[in-house]
**Q** 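This is the structure I want to talk about, given as structure tokens.
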Number of protein chains: 2
Amino acid sequence: MKTEKISELTINRLSIYLRCLNELAGAGEATVSSRSLAERFNLNSAQIRKDLAYFGEFGIRGVGYYVEDLRQQLMRILGLLTTHRVAIIGAGNLGLALANYPGFSEKSFRIVAIFDVDPAKVGMKLRDGLTISRTDGLRETIERESVEIVILTVPAEVAEAVFNEVTGAGVRTVLNFAPVHLPPRPGVKVKTVDLSISLESLSHFLANPAGEPSGW
Amino acid sequence: MKTEKISELTINRLSIYLRCLNELAGAGEATVSSRSLAERFNLNSAQIRKDLAYFGEFGIRGVGYYVEDLRQQLMRILGLLTTHRVAIIGAGNLGLALANYPGFSEKSFRIVAIFDVDPAKVGMKLRDGLTISRTDGLRETIERESVEIVILTVPAEVAEAVFNEVTGAGVRTVLNFAPVHLPPRPGVKVKTVDLSISLESLSHFLANPAGEPSGW
DNA sequence: AATTGTGAATTCCTTCACAGCC
DNA sequence: GGCTGTGAAGGAATTCACAATT
């Protein structure tokens, strides 16, 4: 158990391990080794052991890890034992799709508000208790609803302004889908999902078959 | 100009630089230095110069880079001078949102087909010439429409099977939104966008204020 | 004077390899 | 025998710092 700072890459892998453990638990497996885990997503087994070792000694030599125990540990480490209250800002196609996204564990994340500037959208009921709100009440609603996580699905031009408003209201974590760089704010964590970058990376691959240089 | 292999991270940054150059070109700027570019997304200026140096010598000492020239170079390197034909598989909320996503440059990416298994959805017209197709014709349509890029927005359970089908049909690049590890295939590039991982990373941050360990 | 391009230094991440334990 | 936990080695990515160039 170290006090070193833990890399983002490690945290991302913990999520992957957890997902796999959920499946193993569902399949009734009692234990799993770092090797068999590693084979599922071709990773190195030492990597898995090192990732876990940052947080404690969860395994048993000669045996492996108890699936249910490790699952609980990972849920705790990832903060998934409590429910986080989420707001979506921007009820365009993407915002609405995320509001209904089934992949977010219901237990750990609950969407409590969704906002849009368009008066035609305000008032639209999405489902039980989730209605599109006006953006003028943004700050107030965030505070009243104790929103911890904001998902930003607004146009790029206004993303930074909205970001400033929500962090000003005390939000410390933002999942940003706008294709812009948000300025760093102390104590605030931003994850940006940039779909254009992903597509352009694929485009580069198509343009440069088999590791050929693209320079000339 | 090297023959070294170029990191994914470098390619991703090229997309970021390109976006910025587009703005600068729009604002009528003629030249830009690596330093001023770096300041916009707090990066190191040497990083930018190194990234560009993999592909050629595009700058002028004492001056910087010509905005329009560098823009063209990056478009070429990223393969954005030709249009790539894209198919979306899975017309759920996310698939439909991406079909209408305005962020993909129209010039470089064109969505030519969208598929779903649900008979109730098949035949739905989304817009000019884009109608939801049945999945049985998948392989045939991919070949007929010369699809180069597939966006996978199907449920996790079927993602691998669909992946095998599209790569079998000759598709070499896949943008995967299903929360699964897709097995590596030679000559095929996969980019996975995993929304749960992103959210769980934010959750971890909330659970572990200011770099405190989460072990005990 | 300003800025690029790049070896050298540094920092960060992954993999190896094995002692220690079950 | 099998598997974890980890120090040491190796590899990759970033940053420094400066010679070269306009």
Side-chain angles (χ1 to χ4, degrees), chain A residues 1-14 16-17 20-21 24 29-67 69-71 73-74 77 184 201 211 213 215-216, chain B residues 1-17 20-21 24 29-67 69-70 73-74 77 184 201 211 213 215-216:
Chain A
M1 183 61 218
K2 340 274 148 55
T3 319
E4 310 167 44
K5 86 168 217 305
I6 290 145
S7 129
E8 184 76 31
L9 296 168
T10 290
I11 301 300
N12 290 345
R13 283 190 298 263
L14 295 188
I16 295 173
Y17 307 154
C20 190
L21 288 165
L24 289 170
E29 298 288 328
T31 64
V32 67
S33 69
S34 60
R35 173 132 79 89
S36 80
L37 261 188
E39 280 165 2
R40 292 172 182 255
F41 6 78
N42 51 318
L43 260 186
N44 184 291
S45 68
Q47 173 106 83
I48 295 180
R49 297 197 297 277
K50 270 241 153 82
D51 284 341
L52 298 175
Y54 284 112
F55 302 96
E57 305 204 356
F58 304 133
I60 292 153
R61 291 164 199 235
V63 177
Y65 302 87
Y66 285 114
V67 169
D69 173 49
L70 187 55
R71 204 171 83 84
Q73 296 283 0
L74 290 179
I77 293 163
S201 156
W216 33 45
Chain B
M1 183 60 219
K2 340 274 147 59
T3 319
E4 309 167 46
K5 86 168 216 305
I6 290 145
S7 129
E8 184 78 30
L9 296 168
T10 291
I11 300 300
N12 290 344
R13 283 190 297 263
L14 295 187
S15 285
I16 296 173
Y17 307 154
C20 190
L21 288 164
L24 290 170
E29 298 289 327
T31 65
V32 67
S33 69
S34 60
R35 173 132 78 90
S36 80
L37 215 38
E39 279 165 2
R40 294 175 181 251
F41 5 79
N42 52 320
L43 260 184
N44 184 292
S45 69
Q47 173 106 83
I48 295 180
R49 297 197 297 277
K50 270 238 154 81
D51 284 340
L52 297 176
Y54 284 112
F55 302 96
E57 303 204 358
F58 303 133
I60 292 153
R61 291 167 198 234
V63 177
Y65 301 86
Y66 286 113
V67 169
D69 173 48
L70 187 55
Q73 297 284 359
L74 290 179
I77 293 163
S201 155
W216 35 45

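Within every chain, numbering begins at 1; the chains are lettered A, B, ... in the order of the sequence lines, protein sequences first and strands thereafter.
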**Q** Are there more than 12 heavy atoms of other residues, nucleotides or ligands under 6.0 Å from atom CZ of A:R71?
**A** yes
**Q** Of the nucleotides C:dT6, C:dC13, D:dT4, which one has an atom closest to the side chain of B:E57?
**A**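 Shortest atom-to-atom distance from the side chain points to C:dT6.
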**Q** Of the nucleotides D:dT6, C:dC22, D:dC16, which one has an atom closest to the side chain of A:V63?
**A**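 Selected nucleotide (nearest to the side chain): C:dC22.
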**Q** If I take atom CG in residue A:L37 and atom C1' in nucleotide D:dG2, what distance separates them, rounded to the nearest angstrom?
**A** 16 Å
**Q** Given atom OH of B:Y54 and atom P of C:dT4, what is their separation to the nearest angstrom?
**A** 17 Å
**Q** Compare the minimum distances between each of C:dT15, C:dT4, C:dT6 and the side chain of B:S33, then state the nucleotide with the smallest one.
**A** C:dT4
**Q** On a plain distance test, is the side chain of B:R61 in donor-acceptor contact with the base of C:dT4 below 3.5 Å?
**A** yes
**Q** Taking the minimum atom-to-atom distance to the side chain of B:R49, which one of C:dC22, C:dA17, D:dA17 wins?
**A**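 Minimum distance to the B:R49 side chain belongs to D:dA17.
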**Q** Would you say A:F41 has more than 12 foreign heavy atoms packed within less than 6.0 Å of its CZ?
**A** yes
**Q** Within the 4.0 Å heavy-atom criterion, would you say A:S7 contacts the bases, only the backbone, or no part of the nucleic acid?
**A**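 It contacts sugar-phosphate atoms only.
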**Q** If you go through the side-chain atoms of A:K50, does one of them form a donor-acceptor pair with the base of D:dT6 closer than 3.5 Å?
**A** no
**Q** Measure from the side chain of A:Q47, starting at C-beta and using heavy atoms only, and say which of C:dT14, D:dT14, D:dC3 lies closest.
**A** C:dT14
**Q** Taking the minimum atom-to-atom distance to the side chain of A:Y65, which one of D:dT4, C:dT6, C:dC22 wins?
**A** D:dT4
**Q** Distance check needed: D:dT4 P versus A:L70 CG, whole Å only.
**A** 11 Å
**Q** Does D:dT4 have its OP1 or OP2 closer than 4.0 Å to a side-chain nitrogen or oxygen of A:S34?
**A** yes
**Q** I need the CZ-C1' distance between B:F41 and D:dT14, as an integer number of Å.
**A**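 In whole Å, D:dT14 C1' and B:F41 CZ are 16 Å from each other.
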**Q** Quick one: on DNA chain C, does B:A46 or B:R35 contact a more 5' nucleotide (nearest heavy atom)?
**A**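 The residue mapped nearer the 5' terminus is B:R35.
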**Q** Where is the tightest heavy-atom contact between B:D69 and B:F58, given as atom of each residue plus distance?
**A**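 Heavy-atom minimum between the residues: OD2-O, 4.1 Å.
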**Q** What is the nucleic acid contact for B:L9, judged by heavy atoms within less than 4.0 Å: base, sugar-phosphate only, or nothing?
**A**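 B:L9: backbone/sugar contact only, no base atoms under 4.0 Å.
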**Q** Which whole-number value in Å describes the distance from A:I6 CD1 to C:dT11 C1'?
**A** 18 Å
**Q** Pick one: which of A:E39, A:R49, A:Q47 meets side chain to side chain donor-acceptor pair (under 3.5 Å) with A:S34?
**A** A:R49
**Q** Expressed in angstrom and rounded to an integer, what is the separation of A:E8 atom CD from C:dT14 atom P?
**A**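 So the CD-P distance, A:E8 to C:dT14, works out to 12 Å.
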**Q** Figure out the CD1/P separation between A:I48 and D:dT6, and round it to whole Å.
**A**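 To the nearest whole Å, that distance equals 16 Å.
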**Q** Does any donor atom in the side chain of A:R40 or A:S36 lie under 3.5 Å from an acceptor atom in the other side chain?
**A** no
**Q** Of the options D:dT6, D:dT22, D:dC3, whose atoms approach the side-chain atoms of B:I60 most closely?
**A**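 When the side chain of B:I60 is considered, D:dT22 is the closest of D:dT6, D:dT22, D:dC3.
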**Q** Output the rounded distance in Å from CG (B:N12) to P (D:dA13).
**A**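 These atoms are roughly 12 Å apart.
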**Q** So, taking the atom named CG in B:L70 and the one named OG1 in B:T31, what distance separates them when rounded to the nearest 0.5 Å?
**A** 11.5 Å
